[in-house]
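Step one of this worksheet: look at the structure below.
In what follows, residues are counted from 1 in the order of the sequence shown.
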Amino acid sequence: NSYSSRTRYRLQSKRFVHPFHKMSVVRPEGYFDFFDDFIGDPDLKQVSPNALRGQMRKFLASSEMKVGDFQRILGVNAGSYNTFLNGKYKDQWNATGNSTYTQAAYFFYNEKKLGKKSMANTLKASKPKAAASKPALPDVSEVELPEDEDMVYLTPGEVRKELQAVLKTYQCTQAELSIKCGASSGNAMSRFSNAGGDWGGETQDFYKIAAHFLEKMRIKLNKPKSKKRVALEEEAESRPTKKPFLGLNPDKRYICHVNDPMSMTKDSLGRNVMTSFY
């Protein structure tokens, strides 16, 4: 099949990296029983990185497994995992060079082979009945935003993070949440999630409507504004447009004067900003 010859080393070398007794969720017994099939099956179609990211997010949302546990089961570190899941690649297939791609591809291949004994089914069966029941998604249809309609106080990456929290907290699917946000397609959230990075998907319509939906959720649930949000509002008052500055997109190019070289750093609010070398 299309998986690289490095797969065997990557997967097998991870067996003893993380002592299982330190994990709150462990790999199923015989985790590598289908490893040779995974490597040697000539008819196995290589999953695309974007599709694999979707599988990972769906698994985490449905199983409620902690991200740290999932990383340890895969045998990858947080840096590799976050780069694969949230990084912005010029070509999605470049992500196959990240070890998380191979580890996750085998994990879901193994899940399919295990069938009823898969980790997803095992975790689902082990949940207490009370814990398995999630509340319905709050109805925010009657919530009106006091701010101007164009105001957005979250970066695309922050919107993605909060949407995932909504999926874990309430009984809804990605497609249902997409529609609740106001999208015309149930696939809108999936496309936005796959954009990855801090600024991926900033030009997608779903970014703004999802940010507004999350703000309505905050108001509906009577949650206080974050310190960052308060600071952004105060700063925006002194800006001509009155719009909050969320930071610079590091993937874009910016023109600087030849006699005043600049570098991109983080400010006190965690935003990307330009500062002079001098």
Side-chain angles (χ1 to χ4, degrees), residues 1-3 7 25 38 44-71 73-76 78 80-115 118-121 123-124 134 137 155-207 209-210 213-214:
N1 59 46
S2 302
Y3 291 99
T7 304
V25 179
F38 176 70
L44 179 62
K45 184 178 178 180
Q46 188 172 12
V47 63
S48 73
N50 284 345
L52 187 58
R53 292 185 188 99
Q55 287 181 282
M56 293 166 70
R57 291 190 176 99
K58 184 178 179 180
F59 174 78
L60 288 172
S62 61
S63 68
E64 297 184 3
M65 181 186 290
K66 294 180 180 178
V67 172
D69 286 337
F70 189 42
Q71 290 170 354
I73 286 172
L74 296 183
V76 299
S80 170
Y81 179 91
N82 290 328
T83 298
F84 174 75
L85 198 64
N86 302 312
K88 194 172 183 181
Y89 295 87
K90 290 184 178 180
D91 185 313
Q92 69 154 321
W93 289 100
N94 290 342
T96 59
N98 186 310
S99 62
T100 299
Y101 169 81
T102 305
Q103 309 291 87
Y106 177 71
F107 174 84
F108 289 108
Y109 177 86
N110 188 58
E111 284 284 280
K112 186 176 181 180
K113 288 288 187 180
L114 289 174
S118 68
M119 289 202 72
N121 287 329
L123 290 169
K124 184 178 180 180
K134 295 180 181 179
L137 193 66
T155 65
E158 290 169 337
V159 169
R160 274 186 280 274
K161 184 177 180 179
E162 293 205 16
L163 288 175
Q164 289 302 316
V166 171
L167 287 175
K168 287 186 176 182
T169 305
Y170 299 99
Q171 188 65 44
C172 63
T173 64
Q174 272 199 10
E176 291 169 342
L177 186 53
S178 293
I179 301 301
K180 288 289 186 180
C181 285
S184 58
S185 168
N187 294 324
M189 180 176 169
S190 179
R191 290 195 297 269
F192 178 70
S193 296
N194 288 336
D198 290 336
W199 287 94
E202 67 171 315
T203 60
Q204 293 183 24
D205 293 338
F206 186 74
Y207 165 44
I209 63 175
F213 171 82
L214 292 169

Quiz item: In terms of the angle between their ring planes, are Phe59 and Phe70 parallel, tilted or perpendicular, with boundaries placed at 30° and 60°?
Solution: tilted
Quiz item: Is there side-chain contact between Ile209 and Phe192, with heavy atoms separated by less than 4.5 Å?
Solution: no
Quiz item: Between atom CZ of Phe108 and atom CG of Asn110, what is the distance when rounded to the nearest 0.5 Å?
Solution: 11.0 Å
Exercise. Find the distance between CZ (Phe213) and CG (Leu163) and round it off to the nearest 0.5 Å.
Key: 8.0 Å
Quiz item: Around Asn94, counting heavy atoms of other residues, nucleotides and ligands shown, do more than 12 lie under 6.0 Å from its CG?
Solution: yes
Quiz prompt | Side chain to side chain, Arg53 and Ser193, heavy atoms closer than 4.5 Å | solution = no
Quiz item: Hey, is the main chain of Ala78 close enough, under 3.5 Å, to the side chain of Asn82 for a donor-acceptor pair?
Solution: yes
Quiz prompt | Arg191 and Asn194 side chains, donor-acceptor separation under 3.5 Å | solution = no
Exercise. Indicate yes or no: at least one non-hydrogen side-chain atom of Thr96 is less than 4.5 angstrom from one of Gln46.
Key: yes
Self-check item: Polar contact flag, side-chain donor to acceptor under 3.5 angstrom, Asn121-Ser118
Solution: yes
Practice problem: Report yes if some heavy atom in the side chain of Gln103 is under 4.5 Å from a heavy atom in the side chain of Phe84; otherwise report no. | Solution: no
Quiz item: Between Glu202 (side chain) and Tyr207 (backbone), is there a donor-acceptor pair under 3.5 Å?
Solution: no
Practice problem: Count the heavy atoms of every other residue, nucleotide or ligand shown that sit under 6.0 Å from NZ of Lys168, and state whether that count exceeds 12. | Solution: yes
Quiz prompt | CA sep, side-chain torsions, deciding dist, call: Thr100, Asn98, side chain to side chain donor-acceptor pair (under 3.5 Å) | solution = CA-CA 5 Å; Thr100 299; Asn98 186 310; 3.2 Å; yes
Self-check item: Pairwise distance CD(Gln164) to CD(Gln174) - rounded to 0.5 angstrom
Solution: 6.0 Å
Quiz prompt | Gly201 versus Ala195, closest heavy-atom pair with distance | solution = N-CB, 3.5 Å
Exercise. Please test Lys180 against Cys172 for side chain to side chain contact (heavy atoms under 4.5 Å, CB included), starting from the C-alpha separation and ending with a verdict.
Key: CA-CA 10 Å; Lys180 288 289 186 180; Cys172 63; over 6 Å; no
Quiz item: How far apart are the closest heavy atoms of Ser99 and Val76, and which atoms are they?
Solution: OG-CG1, 4.1 Å
Practice problem: Taking all non-hydrogen atoms of both residues into account, name the closest pair between Met56 and Ala104 and its distance. | Solution: SD-CB, 3.9 Å
Self-check item: Any donor-acceptor N/O pair, Glu162 side chain to Leu214 backbone, under 3.5 Å
Solution: no
Practice problem: Tell me, with the steps shown, if Tyr101 and Trp93 meet side chain to side chain contact (heavy atoms under 4.5 Å, CB included). | Solution: CA-CA 10 Å; Tyr101 169 81; Trp93 289 100; 4.2 Å; yes
Quiz item: Ignoring hydrogens and geometry, is there a side-chain-to-backbone donor-acceptor pair from Ser178 to Met189 under 3.5 Å?
Solution: yes
Self-check item: Taking every non-hydrogen atom, the tightest pair across Gln92 and Asn50
Solution: OE1-N, 3.0 Å
Practice problem: Show your reasoning for whether side chain to side chain contact (heavy atoms under 4.5 Å, CB included) applies to Val47 and Gln55. | Solution: CA-CA 10 Å; Val47 63; Gln55 287 181 282; 3.8 Å; yes
Quiz item: Is there a donor-acceptor contact under 3.5 Å linking the side chains of Glu176 and Tyr170?
Solution: no
Quiz item: For Thr173, does its backbone N or O pair with a side-chain atom of Lys58 as donor and acceptor, under 3.5 Å?
Solution: no
Quiz item: Between Met119 and Phe107, is a side chain to side chain contact (heavy atoms under 4.5 Å, CB included) present by the stated rule, with each step listed?
Solution: CA-CA 10 Å; Met119 289 202 72; Phe107 174 84; 3.8 Å; yes
